[in-house]
Amino acid sequence: MMQQLRKSTKWIMILVALAFGGLMFFEWGMDITGQTSGSFGEIGRVNGTPVAYEEYMATYRNLYDQLQGFQEDPVTNAQNSELEDQAWDELVNRILIQQELERRGIRVTDQEVVDAARFSPPPDLVSSPAFQTDGQFDMTKYQQFVAVAEPVVLLQLEAYYRDIIPRGKLLRQVASGIYVSDNELWHAYRDSNERATVQYVSFDPIVRVSDDQIDITSDEISDYYRDNLEEFSVPASAAVISVSFTKAPTLADTTAVEAMANELRQSILDGEDFAEIARAESDDEISAEEGGDLGVFAKGRMTPVFDSTVFAAPLNRITEPVKSPFGLHLIEVTERWGQDSAQARHILLPFERTDESEIGLLAMADSLEELGEAMALTDAAAILGLETDTLDLIETLAIIPGAGDVAEGGEWVFDPETSPGDVSPVFENSTAFYAIELVSVDPARYLSQEEAEPAIRGNIGVAKKVEAAMEEAAAMVAEVRLGRSLPDAAREIGLEVRDAGPFARDAFVPGLGRFNAAVGTAFGLDIGEVSDPVEANQNAFVIERTGSEAADSLAWTEQIDAQRTQSVNAIRQQRLNQWIDALREVASIVDRREEVLTPVDEEDLPQLPRVF
């Protein structure tokens with residue numbers, strides 16, 4: 001155990017840094033030191049405190065890396081702009097909070113750091129497999145790691161706690177006095193756990209009320225168009241020529257992986273060590289470190305084809321290559337307990353392009369880009385044996401056949417500096433490489449009233465049909481009030497009663513919907529009571545409550561502590577956000593980014609601002 005942890009020291013250090021950075025980003029907006037260096041100059045000030053270029057760059061890089069880690073596609077220009085603003089906001093919050101800490105004289109003692117390091121591990125370490133036993137965080141493993149950690153790791157932990165602890169104290173001061181009463185908690189619990197059962201009549205006005213029953217005047221159309229103009233906005237579109245080629249492995253690539261799997265299997269059969277080959281070749285990085293060992297797992301836990309192989313293969317024999325969605329597996333089952341659980345090890349070879357194939361793919365992209373700089377895209381594609389498509393791109397949803405979402409290409413197409421006849425660079429996403437030639441652009445606009453009239457008539461017509469249905473529902477309710485049953489009154493006008501429930505206030509109810517007047521009305525009725533007409537979901541309903549299941553007050557008391565903690569934390573976070581917003585409102589914030597910074601060259605990744 002300790003040997004494994006020592007080998008993970010570098011990774012643990014990075015994890016601690018990321019845990020700290022993530023916490024600061026989402027809760028405080030602080031880095032490890034909370035200090036500015038300013039050696040490259042300042043890009044702004046907060047209440048007179050400089051915002052240093054180096055800190056801005058570091059914060060930006062951290063955000064950039066986080067985003068790129070969450071998505072396969074390259075970061076787009078639009079996302080990049082958002083990251084720059086987020087980095088600025090994070091730095092401003094960081095300085096404001098540091099100023100507040102100093103103003104209040106909040107500090108941390110050495111003993112507080114020691115106690116926190118022993119008993120309050122950073123959140124990301126709690127979820128790390130290295131510190132878990134049977135899927136649960138193991139405090140003993142963590143404390144053993146701390147006891148033998150290298151000095152640089154301890155310094156990282158100390159820096160983490162010396163920033164976290166004061167901010168925790170500040171948070172308690174800012175969010176002190178939060179109290180959630182039992183009554184509030186009970187009502188919240190009841191809303192999720194009380195159940196109602198109803199029978200109801202749906203009038204389905206779209207079907208039930210015919211178009212010839214509705215009269216729509218020209219004045220109504222004009223008024224609707226004027227009052228709802230934004231409904232008729234049309235995003236910019238562009239006629240383009242596109243070419244794309246997939247990044248997926250070819251048949252030759254797949255054949256190469258199959259050949260490699262068979263070669264590795266034969267090597268093991270000839271006496272080579274399974275574990276060593278797994279460490280060197282397996283794409284499953286976690287099990288590869290353990291020589292391919294997957295440990296003990298229950299039947300049904302693995303992907304179906306892997307699972308069925310494990311519970312059918314002979315013990316201690318290497319299977320033929322097994323194909324799964326992850327690639328090809330060489331599997332050896334070392335122990336099995338009937339059809340309940342097994343222990344096995346495997347070598348995973350993903351279906352991916354060979355080095356030669358990858359080089360060919362990149363060469364194709366380079367050639368297309370070079371040719372596109374000198375000629376029309378159709379001609380460039382023809383030279384390379386590629387086919388082009390002619391299509392329309394919508395600014396708000398840029399899709400190209402064979403490439404899918406091409407957001408970065410869409411940004412290029414609708415950039416004001418792009419002109420008809422221009423050919424784009426070769427872009428890539430997780431699916432393909434692609435290039436675009438702009439043919440023409442239709443700017444964003446509003447439909448004319450004449451163009452919008454069919455939609456307007458449809459919207460007004462629906463509203464009038466619902467109004468007619470509400471009138472019919474009111475007449476039926478009047479019959480029920482005179483003593484008729486809801487089923488009899490509905491049958492009289494050719495409608496049927498439907499049943500729903502039991503359901504909670506916050507549930508989706510088939511036929512009624514969710515979080516609407518119909519569901520709310522159901523809980524306001526006594527058993528046997530029939531509602532007035534209710535409008536919801538472009539429909540009219542009459543509802544009768546037929547059953548009720550009260551929320552379990554005993555179950556509520558058993559979970560009230562956890563519920564209170566969750567509620568208090570939510571309010572505390574809301575109050576913290578409001579407090580930071582208030583600090584920003586009264587602060588003197590000078591943003592000089594536009595004066596000081598300009599984008600770097602596009603080929604330099606990540607795209608970062610630089611000083612003039």
Side-chain angles (χ1 to χ4, degrees), residues 17-67 80-109 112-113 116 158-178 569 571-599 608-612:
L18 289 178
F20 176 70
L23 182 61
M24 294 301 94
F25 173 61
F26 288 109
E27 296 187 5
W28 290 102
M30 293 295 295
D31 72 352
I32 291 177
T33 65
Q35 300 173 354
T36 61
S37 64
S39 60
F40 285 94
E42 61 186 59
I43 60 171
R45 286 184 170 250
V46 179
N47 292 329
T49 299
V51 180
Y53 167 84
E54 284 186 333
E55 276 196 293
Y56 176 77
M57 292 283 282
T59 305
Y60 172 87
R61 286 178 184 274
N62 183 44
L63 295 175
Y64 185 99
D65 291 342
Q66 287 182 34
L67 177 60
N80 195 65
S81 297
E82 292 178 1
L83 292 178
E84 291 172 353
D85 289 339
Q86 289 175 17
W88 170 257
D89 289 339
E90 184 173 333
L91 279 173
V92 170
N93 290 347
R94 175 185 309 176
I95 293 171
L96 288 172
I97 292 170
Q98 186 62 37
Q99 290 172 346
E100 191 68 10
L101 286 169
E102 293 172 359
R103 187 183 71 82
R104 298 186 182 212
I106 297 176
R107 300 289 185 268
V108 58
T109 67
E112 287 174 324
V113 172
E158 181 180 358
Y160 172 81
Y161 289 115
R162 287 199 181 277
D163 278 294
I164 287 293
I165 294 172
R167 283 158 185 77
K169 293 179 180 180
L170 178 58
L171 174 60
R172 287 190 290 274
Q173 291 183 13
V174 171
S176 63
I178 295 175
N569 287 340
I571 297 171
R572 179 181 290 125
Q573 187 62 48
Q574 180 184 30
R575 187 174 294 183
L576 173 63
N577 294 338
Q578 293 171 343
W579 174 75
I580 291 177
D581 289 342
L583 285 180
R584 293 181 69 113
E585 286 181 7
V586 299
S588 172
I589 300 174
V590 179
D591 183 355
R592 299 183 58 241
R593 286 179 294 161
E594 290 188 5
E595 302 173 38
V596 177
L597 305 175
T598 59
L608 298 170
R610 63 179 173 85
V611 175
F612 278 114

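Quick note: residue numbers are just sequence positions, from 1. The analysis underlying the following values was restricted to heavy atoms, covering all of them including side chains, and did not include hydrogens, waters or symmetry mates.
- Residues that satisfy the side chain to side chain donor-acceptor pair (under 3.5 Å) test with Arg45, not counting sequence neighbours, are Glu42.
- Rounding to the nearest 0.5 Å places OH of Tyr53 at 9.0 Å from CD1 of Ile43.
- To the nearest 0.5 Å, atom CD of residue Gln86 and atom CG of residue Leu67 are 8.0 Å apart.
- When side chains are defined from C-beta on, Ile580 counts as touching Ile97, because their heavy atoms get closer than 4.5 Å.
- By the side-chain contact (heavy atoms from CB on, under 4.5 Å) test, Leu583 is found to be paired with Leu96, Glu100, Trp579, residues two or more places apart in sequence or in another chain being considered.
- Under the 4.5 Å side-chain criterion, counting only non-hydrogen atoms from C-beta, Asp89 is in contact with Arg584.
- The existence of a salt bridge linking Glu112 and Lys169 is confirmed by a sub-4.0 Å separation between a basic side-chain nitrogen and an acidic carboxylate oxygen.
- Here CG of Leu170 is found 4.5 Å from CD1 of Ile106. Values are rounded to the nearest 0.5 Å.
- Rounding to the nearest 0.5 Å places CD of Gln578 at 10.5 Å from CD of Glu585.
- Every residue was checked against the side chain to side chain donor-acceptor pair (under 3.5 Å) condition with Gln574, not counting sequence neighbours, and none meets it.
- Partners of Arg575 according to the side chain to side chain donor-acceptor pair (under 3.5 Å) rule, which considers only residues two or more places apart in sequence or in another chain, do not exist here.
- If you check the side chains of Asn569 and Gln573, you find no donor sitting under 3.5 Å from an acceptor.
- Side-chain contact check for Leu83 versus Tyr60: some heavy-atom pair is nearer than 4.5 Å.
- Heavy atoms only, all atoms of each residue included: Ala87 and Leu63 are closest at N-CD1, 3.5 Å.
- Not counting sequence neighbours, the partners of Gln99 by the side chain to side chain donor-acceptor pair (under 3.5 Å) test are Asn47, Thr49.
- Contact between Ile95 and Pro50 at its shortest, heavy atoms only, is CD1-O, 3.8 Å.
- Of the listed residues (Glu90, Glu54, Arg94), just one forms a side chain to side chain donor-acceptor pair (under 3.5 Å) with Thr59, and that residue is Arg94.
- For Asp591, the side-chain contact (heavy atoms from CB on, under 4.5 Å) test picks out Trp88, Arg593, with sequence neighbours left out.
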